[in-house]
Number of protein chains: 2
Amino acid sequence: MLDAAQPRVPLYARIEAMLRDGIAEGRHPVGGLLPTEAELCDQLQVSRHTVREALRRLVEAGLVERRQGAGTMVVARQPPRDFVQSFRDMRGLSQYAEDTRLQVNGQRMAALTPEEAALVPADPGARWLRLDGVRVAEDRVPIATALVLIHPRFAAIGAELPVRGAIHAEIERRFGVEVREVVQEICAAPLPVPVAEVLGRKPRSVGMRFVRRYLDAEEETMILSLSWHSAERYTYVMRLRRTEAP
Amino acid sequence: MLDAAQPRVPLYARIEAMLRDGIAEGRHPVGGLLPTEAELCDQLQVSRHTVREALRRLVEAGLVERRQGAGTMVVARQPPRDFVQSFRDMRGLSQYAEDTRLQVNGQRMAALTPEEAALVPADPGARWLRLDGVRVAEDRVPIATALVLIHPRFAAIGAELPVRGAIHAEIERRFGVEVREVVQEICAAPLPVPVAEVLGRKPRSVGMRFVRRYLDAEEETMILSLSWHSAERYTYVMRLRRTEAP
DNA sequence: CCCCCGGCGTTGTCCGGACATGCGGGCGGG
DNA sequence: CCCGCCCGCATGTCCGGACAACGCCGGGGG
């Protein structure tokens, strides 16, 4: 059964394909157990190493799960083919080109406004480190306004600004913490008057508002950034690639 | 050197940690080669299987790459910790709740307008299958307008509408093709008058426009969907999780 | 009748060996 | 001096064996 393939196809790959087919065609239903390693060795007359290599790849592909003492369970009939978007840092998420930079005009500890406190969320009146700035292109043309709110526990980072890379990465290094999750909310609304002024747009012309929250393992907000773009000059593009085929 | 750890830590894991530390501390610089399997077996007095298991995990972690005949090269000093967003299908990307559905009001083959042709992109005047519809909540309240343009080579799908799942998935099944990539563009602009009417908003009130292109392996657009939401009722939320730590 | 414990089956870890395959560099020929 | 072939080395594939750790379930005890 196995020796029909070309000799160039490794044995474990043929075993993997056989099991994969059996799963796809329902001979090994989802929720059921695959034959044990010993059974496969017996039936196919191969060594346990070879069988284990085949099974390892099925685990990799997300088709089965293995538990010591319990066996190999089928968990999916087809390998999951998700659409995935991935960023190394937040520059990609923001789509800021390499030649833009955040020009910080001021930093201070200040109480959160009620609106800000609702966004974070945090108690209104809590004092967070606040950075006000403008993202500018290389030619100094303003692209977006930016407000960054940093949890008071990381306020000492203010003394080290500006940082070379992303602020969240610097905070992670400096304080030995970890951003676990980022939540970005995008909505459209007329530009607030002060924002329109900075960006050189007519008051109440259409804008896009980006709120980004950096959460730690406890889902607490470590950093919140709020930025406004002029809609006439900005389109947000996201590109999702499909995970590779089996 | 290795026997200091608890006996509960597998040998290969201790070797993996040792190599990981060596990489992190620069003893094995990025671009350089790790000791060969045989050298590690010799130095650590373990079998080749054990060394290979440790190296396999370093490959898994993205720290090294291996090439038959060439050796094991260090490719990263720290394991990449990307922020990732992942969807099984496009319902998640669109954030449509379970209880919304796309109500298709009409389908026909029609020539692309110049604007549509520029979005796809395709030759103006090409005849694509066009679906016009409205996404409605369970209570029939309109949420967004929707226009779906389908490449003429898949026009036969029109005879099978409505489909149970996502249209792109049905096309993949029916025609044996594969969506490789999805590009979504979000911008803000005043709602076009007909859209405002359907959504029950004032003309030229602020809206968000979503253009989604489904691309095949040759980067050709298979499907394009264009939808408008009222900005007053809609915020786009994206959540990125960090890939797990080493 | 229920619970605990122990045995058996299964996967995990680790050792040994052998040959195949691919890469790269050294060496020889043009 | 350059090109190509060949050989050595590194990883890939595949075989054998042994014991450990863990899950599950049934049997025995309370």
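Not measured: the values here are computed from a predicted model. Chain naming here is simple, since letters A, B, ... match the order of the sequence lines and numbering starts at 1 in each.
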R48(B) (side chain) and dG12(D) (base): donor-acceptor pair under 3.5 Å: yes

Rounded off to whole Å, could you give me the CD-to-P distance for the Q45(B) and dG16(C) pair? 8 Å

Between C1' on dG12(C) and OH on Y12(B), what's the gap in Å once rounded to a whole number? 7 Å

From the set dA10(D), dG17(D), dG12(C), return the single nucleotide nearest to any side-chain atom of T36(B). dA10(D)

Among dT11(C), dC15(D), dG12(D), the one nearest R66(A) by side-chain distance: dT11(C)

When you get a sec, tell me which of dC14(D), dG12(C), dC22(D) is the closest nucleotide to the side chain of R8(B)? dC22(D)

Given dC14(C), dT11(C), dT13(D), the nucleotide with the shortest approach to the side chain of R57(A): dT13(D)

Is it true that H168(B) and F83(A) have ring centroids separated by less than 6.0 Å? yes

Could you check if a side-chain atom of E16(A) sits within less than 4.5 angstrom of a side-chain atom of E53(A), using non-hydrogen atoms only? no

hbond_proxy R56(A) side chain to dT11(C) base (donor-acceptor, 3.5 Å cutoff): no

Among V74(B), L63(B), I15(B), whose side-chain contact (heavy atoms from CB on, under 4.5 Å) with L58(B) holds? L63(B)

Distance, rounded to the nearest Å, where E39(A) contributes CD and dT10(C) contributes P: 6 Å

Return yes if a side-chain donor-acceptor contact under 3.5 Å exists between Y236(A) and Q184(A), otherwise no. yes

Rounded to whole Å, the CZ-C1' distance (R52(A) to dT13(D)) equals 16 Å

Base, sugar-phosphate, or nothing: which does R67(A) touch, judged by heavy atoms less than 4.0 Å apart? sugar-phosphate

